[in-house]
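I have placed the structure first, in the form of structure tokens, so that the comments after it can refer back to it.
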Amino acid sequence: MTKTERPRIVVVDDDPSALEILTDLLSDDYDVLTATGGEDAIALIETDDTIDVCLMDIKMSGMNGLEAAREISLRRPLLPVILHTAHAGHYHEDEIDEAERPFDYVTKGDAISRLLRAVRNAVEVSRYRRSTDLQVKDAKARYRLVGQSQAMLEVYRQIGQAAQSDGNVLILGETGTGKELVARAIHEASDRSGALVVVNCSHRGADLVESELFGYHQGAFTGADRSRRGFCAEATDGTLFFDEVGDLSPSTQVAVLRLFDTGHYRPLGPEAPEEHTNARIICATNRDLQTEIRKERFREDLFYRLGRTVISLPPLRERREDIVHLVKEFIDCHTTYKGRLPKFFDPEALDLLQAQIWHGNVRDLKKTVEAAVDRSVSYLIGVDDVQAVLGIPTPETNLEQVRLGRLIQEASASSMASLLEDASETEGLTRMLRGFEQQVICRALELTDGNQRAAARMLKCDPAGL
């Protein structure tokens, strides 16, 4: 470890002899700064952001260690503070731990190894927190990726790792989890000088995908009155991003096999010569490709060419701790970044957002936040604003929900009786079930004035499938 890499520790004590002893004890492994009181410690920490740990006596003249620790936590919330005291009987450790949340609490009568272990652990945590904090800020500033959950930290790590190579990458994740943002992050973090070109594979005919991807020569098909370069040529020295690659038609899957394997392709047209692209290939899908392979909807040989590096994006329900940070970012983007006055969610409204099951993930949350911001006439966005946007029933509608529940129970009972009577008629059973389903859905829509989201919540089903 070089001099510049040595961790820096502030030792705070109003007893000069104690400062001397602690400095001698720690200086072999750490750069030790000293302060004789809480005010001096705060001043040091404010002016030196390389400090890793603060080791502080509690009972001192002037500002005591507990007061100083509170001030330090406001200025440097990630900085570990170890409370160190010779007056253990004056303070109750459990009470201090609950009220002050120090990194550790060590009495001066403890073994030296106990103090050294506490400092060593604090340094490791401080370095980890600092690197994590830089990761989070870098991901937001450079790639517009927001989140500091363990799942997102792993995604940031994988982005950095993938950017260092030219191998194909497969990004997996549900709709709205940010797959294109991750693809752009990999491209921008790489040393590729070309553009990132997006190939949209969803709901597009095979001919259209292939003509856009490979390009075509004049006369290749009706309407091709001139030659056109394809995405493969446009992505030279850059990245080809196949968005929702699982939606490619079987014929297109055959056509891209060689491209994914060697970079070679052939533009459409009679006797068109083969061409080559050095574009790096990144693919994304919300489908379970192994299931698609079993159902013979996706080629297994293409699957193995998609890339050995696989990045799985977590759905929002698995990183709820990031919702607060996402909400703040979406508010800022919708207000202050556009020159509008800022707004804030009250705690209950935030709790409501965190409690939702976001089927559309981050994209769904973003739309909800923007709609709530636009709806609120106050700077403070309340629960009623969020409920209105989400279509959550009001107390009056909740009474109707009870009535609907009874309707469903009664309909279920009568339908079950009919099903038992007509159990041999398969078509009759199907018609009966569909009729029952339509009856319940229509009643739910009546009770919610045609609000599909509210009806879906009442029926506990996905609005997209209603």
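Atom set for the values below is all heavy atoms of this structure, side chains included, hydrogens, waters and symmetry mates excluded.
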Asp332 and Lys328: salt bridge (Lys or Arg N to Asp or Glu O under 4.0 Å), yes or no, with the steps?
-> CA-CA 6 Å; Asp332 289 344; Lys328 183 182 184 308; 3.0 Å; yes

Got a sec, which residues hit side-chain hydrogen bond (donor to acceptor under 3.5 Å, both in side chains) with Glu321, two or more places apart in sequence or on another chain?
->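 Residues passing side-chain hydrogen bond (donor to acceptor under 3.5 Å, both in side chains) with Glu321: none at all.
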
side-chain hydrogen bond (donor to acceptor under 3.5 Å, both in side chains) with Glu180: which residues, sequence neighbours excluded?
->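 By the side-chain hydrogen bond (donor to acceptor under 3.5 Å, both in side chains) rule, Glu180 matches Arg184.
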
So among Leu145, Asn361, Thr177, which one has a side chain to side chain contact (heavy atoms under 4.5 Å, CB included) with Leu313?
->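 Result for side chain to side chain contact (heavy atoms under 4.5 Å, CB included) with Leu313: Thr177.
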
The single option from Asp384, Leu353, Val383, Val386 passing side chain to side chain contact (heavy atoms under 4.5 Å, CB included) against Glu348 |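 Going through the options one by one, the only one that passes is Val383.
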
Answer yes or no: is there an ion pair linking [X] with [Y], defined by an N-O contact shorter than 4.0 Å?
X	Y	value
Glu212	Arg228	no
Asp52	Arg127	yes
Asp133	Arg130	no
Glu234	Arg229	no
Arg120	Asp29	no

Selection residues 142-172 - residue pairs positive for ring pair (Phe, Tyr, Trp, His ring centres under 6.0 Å), sequence neighbours left out |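 The answer is none; no pair qualifies.
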
Pairwise ring pair (Phe, Tyr, Trp, His ring centres under 6.0 Å) hits with a residue in residues 260-308, at least two apart |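 Pairs touching residues 260-308 that pass the test: Phe214-Tyr265, Phe242-Phe260, His264-His276.
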
Atom pair CG (Leu26) and CG (Asp31), whose distance is rounded to the nearest 0.5 Å =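 Rounded to the nearest 0.5 Å, the CG-CG separation comes out at 11.5 Å.
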
Taking atom NZ of Lys343 and atom OG of Ser378, what is their separation to the nearest 0.5 Å?
->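 Spacing of NZ (Lys343) from OG (Ser378) equals 7.5 Å.
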
Just to verify, what does [X] make a side-chain contact (heavy atoms from CB on, under 4.5 Å) with, not counting sequence neighbours?
X	result
Ser193	Asp237
Thr47	none
Ser312	Leu172, Val310
Ala372	Phe345, Ile381, Val389

Just grab all the salt bridge (charged side-chain N to carboxylate O under 4.0 Å, His left out) pairs involving residues 149-172, residues at least two apart or on different chains.
->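 Matches after skipping sequence neighbours: Glu154-Arg157, Asp166-Arg192.
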
Stepwise side chain to side chain contact (heavy atoms under 4.5 Å, CB included) check, Arg75 with Ile45 | CA-CA 8 Å; Arg75 292 162 171 78; Ile45 287 165; 5.5 Å; no

Let me see the working for Leu213 and Leu240 under side chain to side chain contact (heavy atoms under 4.5 Å, CB included), right down to the final yes or no.
-> CA-CA 9 Å; Leu213 181 60; Leu240 266 174; 4.3 Å; yes

Partners of Asp346 by salt bridge (Lys or Arg N to Asp or Glu O under 4.0 Å), sequence neighbours excluded?
->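 By the salt bridge (Lys or Arg N to Asp or Glu O under 4.0 Å) rule, Asp346 matches no residue at all.
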
Show me the donor-acceptor pairs, under 3.5 Å and distance only, between side chains in residues 279-287 and residues at least two apart or in other chains.
{"from": "Arg280", "atom 1": "NE", "to": "Gly167", "atom 2": "O", "distance (Å)": "2.7"}
{"from": "Arg280", "atom 1": "NH1", "to": "Ser165", "atom 2": "O", "distance (Å)": "3.1"}
{"from": "Arg280", "atom 1": "NH2", "to": "Ala162", "atom 2": "O", "distance (Å)": "2.7"}
{"from": "Arg280", "atom 1": "NH2", "to": "Ser165", "atom 2": "O", "distance (Å)": "3.2"}
{"from": "Arg280", "atom 1": "NH2", "to": "Gly167", "atom 2": "O", "distance (Å)": "3.1"}
{"from": "Thr285", "atom 1": "OG1", "to": "Arg287", "atom 2": "N", "distance (Å)": "3.0"}
{"from": "Asn286", "atom 1": "ND2", "to": "Thr175", "atom 2": "OG1", "distance (Å)": "3.0"}
{"from": "Arg287", "atom 1": "NE", "to": "Asp247", "atom 2": "OD1", "distance (Å)": "2.4"}
{"from": "Arg287", "atom 1": "NH2", "to": "Asp247", "atom 2": "OD1", "distance (Å)": "2.9"}

Only pairs at least two apart or in different chains count here, so list each side chain to side chain donor-acceptor pair (under 3.5 Å) that has a residue in residues 248-259.
->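 Residue pairs with at least one partner in residues 248-259: Ser249-Ser251, Ser249-Thr252, Arg258-Glu274.
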
